[in-house]
2 protein chains.
Amino acid sequence: MYGALIAIVAENQMPENTTKKSDSAEQSPLSAGRAKVTINDIARLANVSKKTVSRVLNDHPIVRAETRAKVKQIMAEQGYAPDPQARALAFRRSFLIALAYDNPSPQYVVNMQRGILDELEGSDYQLVLHPVDRSAANFSEKLERFVERHRPAGVIMPPSVSEDEALCEMLRSQSCPYVRIASRDLDTPAHMVRTHDADGAAQAARHLASLGHKRIAHIHGPKSFRSAHERLAGFKDGLKEFELELDDALTIEAGYTFDSGVRAADNLLSRSKRPTAIFAGNDEMAIGIYSSARKLGLKIPDDLSIVGFDDTPMASRIAPALTTVRLPIRDMGGEAARALLKLIARQEVTENQSFNPEIIVRESTRSLA
Amino acid sequence: MYGALIAIVAENQMPENTTKKSDSAEQSPLSAGRAKVTINDIARLANVSKKTVSRVLNDHPIVRAETRAKVKQIMAEQGYAPDPQARALAFRRSFLIALAYDNPSPQYVVNMQRGILDELEGSDYQLVLHPVDRSAANFSEKLERFVERHRPAGVIMPPSVSEDEALCEMLRSQSCPYVRIASRDLDTPAHMVRTHDADGAAQAARHLASLGHKRIAHIHGPKSFRSAHERLAGFKDGLKEFELELDDALTIEAGYTFDSGVRAADNLLSRSKRPTAIFAGNDEMAIGIYSSARKLGLKIPDDLSIVGFDDTPMASRIAPALTTVRLPIRDMGGEAARALLKLIARQEVTENQSFNPEIIVRESTRSLA
DNA sequence: CTGAAAGCGCTTACAG
DNA sequence: CTGAAAGCGCTTACAG
């Protein structure tokens, strides 16, 4: 009690009160006061203008090293951090990073979020969520409205949002930095984080072919997803290495969902000459094949080998455990955030990291005895 | 081309240029200009002060109906929307709603996010993500720093973050509105969205008891989660209705994860007098029991009945499909957001909706023949 | 019921 | 290398 009282009295007697009135509120930055420390307090304490403090804050090169050190020290002493709202207003852009996504897999979405958050940690940027329904007529306008009004620092787009050229054109016209995660080079290297889906699918093909399978089917995702094309193409290429060709009659489109996987498998497995192996474009559909096979009394992997794509948690928990192709989603999110931060800081970006999938062999595949 | 040119010329000849200089930038709100419409433009066009426009914006009651209508009409004509950054600076609070969460289930997290986003749609509020690691020493300081600096409009906390009293005390001391989703009344009704976990667990108990099971085990979640206690207590109560008592020796704590479920089930099922039914505190652990049973050659539901909690997508996809207790996570998120918005608007809140779980009977349970 | 002034806490544009 | 002035687009506090 007394300590605090004395401190206040001392404060009121200090000569700095006789200095010319600054436009900051009267407050005592040295006491453990409730009022927030502002740029004006730092400027006063360092005997410089607020503009100089601002220069230090923004790492502007033209500040004397001595001045810079002094300002930095006082900022540290006072626990000063600039107000993001004030900077946003002056900068005409906010400290929001938007994730615009439409991937239906919760595991994918959560991992992507985590990867981005890993990278944003400690920065002033906040991750805001913008789920997108690409089948809705006005989805593009909604995002545009958000960008116009909130002026985000940047936008990250995983597939299939990343494949929307009109959306990216809109972001460009708003001068909004963005990074696209996709299975093809859709943009300049600085704006791309590439995944090599085709390569992963080729690994799946080699695995099945080397086990002796010949009548191999493929259930791929919707044509509206680039990844569906890439995985199909890669799978074909992988088979070709073994002098095998993917039969069109054994190639079916489905919706990347469990139910669509069940239906596609029902179709394939009820044929007189059913395939001995199926490569599914993602794990959800692969699990659907399990369900269909069970219904028809087929044993996995004895009667049917299955390979998925994604390596969701379910893949390792289901029986028999699913052989699948894994993409490091979290790392991809991290790289996208890193790339975006560089773009925002107008740093030179030549190329970002690209990601190779890896096949995880488990129990759902076996050699055709 | 000519149209645009003429419009510009006309603009420069218009008498309004001779009106006294306003502090807004010179711009043409009537042309399809690139420059943004501001409060000053609306004020000028409506022949009122910007303060009056501000009053209309904030639904301040003391504005003449006529004036209000005129201002609103002009705002609509100009497609005006106030700048969130500017409002944030003046209001001393941002338009961010933070989700502070630590639930390990991706499905839970994504559903919760969706429910909140449903409700925030159309508003100016943005959902920002704040995953929390309650086992980290500084998790509370990190959130406090965020609240101090970004002054979010509010915070939503699902379990187990919602059970952290110190965190809520911090939010209160920062005058930051918040809503807690929890299985007990931890706060005043306005700050609570209640789930009746105990009731759901009682339904599981009644279901198993009515199937004739007597040697019933329970694998519950970590003691650090309120829900683990609630579900245990509710399960005991449900059994009591059938004159059954939960055997302490058949009650095991695990970690709400697949692996911990496997270990707990290994323990229970390898005993000489093994249980005929197990109620798991969540689906993850229930799926773990499947794995353990398979290892030991036990058939579900013939040799062992299993009930889970959550109704994750996996529950209906695994074979045999899991009987489980469902909580409407997405709706809960929506209600939490609605409650928070009311708190932010300082509306009178007496009580929020509470949520009852519902048992979904599938194939993993059967009567003890 | 309405408005002019000052302010929120920063940055930009211009001087020196 | 440094600073005084003006501004970002709103709201609060005070008058009338």
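Proteins get letters first, then strands, A, B, ... in listed order; numbering begins at 1 in each.
In this entry the distance linking CZ of B/Arg44 with C1' of C/dA4 reads 18 Å, nearest Å. Taking atom CG of B/Leu89 as the reference point, atom C1' of C/dG7 lies 9 Å away to the nearest angstrom. Straight-line distance from the CZ atom of B/Arg93 to the P atom of D/dC10: 16 Å, rounded to whole Å. For the pair A/Ile39 CD1 and D/dA4 P, the computed distance is 13 Å after rounding to whole Å. Rounded to whole Å, the distance from CZ on B/Arg92 to P on D/dT11 is 12 Å. Between B/Lys70 atom NZ and C/dT2 atom P the separation is 11 Å, expressed in whole Å. At whole-Å resolution of the value, CD in B/Gln85 and C1' in C/dT11 are 14 Å apart. Atom P of nucleotide C/dC8 and atom CG of B/Asp83 are separated by 19 Å, given to the nearest angstrom.
For A/Arg64, the salt bridge (Lys or Arg N to Asp or Glu O under 4.0 Å) partners are A/Glu66, not counting sequence neighbours. Legend: residues meeting salt bridge (Lys or Arg N to Asp or Glu O under 4.0 Å) with A/Asp164, ordered by chain and number and at least two apart, are A/Arg134. Taking B/Glu119 as the reference, B/Ala337, B/Arg338 meet the side-chain contact (heavy atoms from CB on, under 4.5 Å) condition, with sequence neighbours excluded. Applying the ring-ring contact (aromatic ring centres under 6.0 Å, His included) criterion to A/Phe139, with sequence neighbours excluded, gives no partner residue. Taking A/Tyr178 as the reference, A/Arg172, A/Asp187 meet the side chain to side chain donor-acceptor pair (under 3.5 Å) condition, with sequence neighbours excluded. Contacts of B/Pro177 classified as side-chain contact (heavy atoms from CB on, under 4.5 Å), with partners at least two apart in sequence or in another chain: B/Leu340, B/Leu343, B/Ile344. Every residue was checked against the salt bridge (Lys or Arg N to Asp or Glu O under 4.0 Å) condition with A/Arg114, not counting sequence neighbours, and none meets it. In this view, A/Lys51 satisfies the salt bridge (Lys or Arg N to Asp or Glu O under 4.0 Å) rule with no residue, not counting sequence neighbours.
Of the residues in residues 141-149 of chain A, none has a non-hydrogen atom less than 4.0 angstrom from any atom of DNA chain D. Using a 4.0 Å cut-off on heavy atoms, the residues of residues 51-65 of chain A that approach DNA chain D are A/Lys51, A/Thr52, A/Arg55, A/Ile62, A/Val63, A/Arg64, listed by number.
Counting only distance, with no hydrogens or angles, the side chain of B/Glu335 and the backbone of B/Gln353 share a donor-acceptor pair below 3.5 Å.
Distance from the side chain of A/Lys50 is smallest for C/dC10 among the nucleotides C/dC10, D/dG3, D/dG9.
Of the side-chain N and O atoms in A/Tyr80, one or more sit less than 4.0 angstrom from OP1 or OP2 of C/dC10.
Base pairing in DNA chain D yields stems of at least 3 consecutive Watson-Crick or G-U pairs, both distances under 3.5 Å, namely C:1-3 with D:14-16, C:5-12 with D:5-12, C:14-16 with D:1-3.
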Starting from the C-alpha separation in whole Å, work towards a yes-or-no answer on side chain to side chain contact (heavy atoms under 4.5 Å, CB included) for B/Phe146 and B/His130.
-> CA-CA 9 Å; B/Phe146 163 72; B/His130 279 262; 3.4 Å; yes
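Ion pair B/Lys142/A/Glu121 flagged as a salt bridge, since at least one NZ, NE, NH1 or NH2 atom sits closer than 4.0 Å to an Asp/Glu carboxylate oxygen.
Residue-to-nucleotide proximity on DNA chain C shows that, of B/Thr67 and A/Ala86, the 5′-proximal contact is made by B/Thr67. Between A/Arg68 and A/Arg151, the residue anchored nearer the 5' end of DNA chain D, judged by the nucleotide with its closest heavy atom, is A/Arg68.
Here ring pair (Phe, Tyr, Trp, His ring centres under 6.0 Å) pairs that include residues 59-93 of chain B, with residues two or more places apart or in two chains, number zero.
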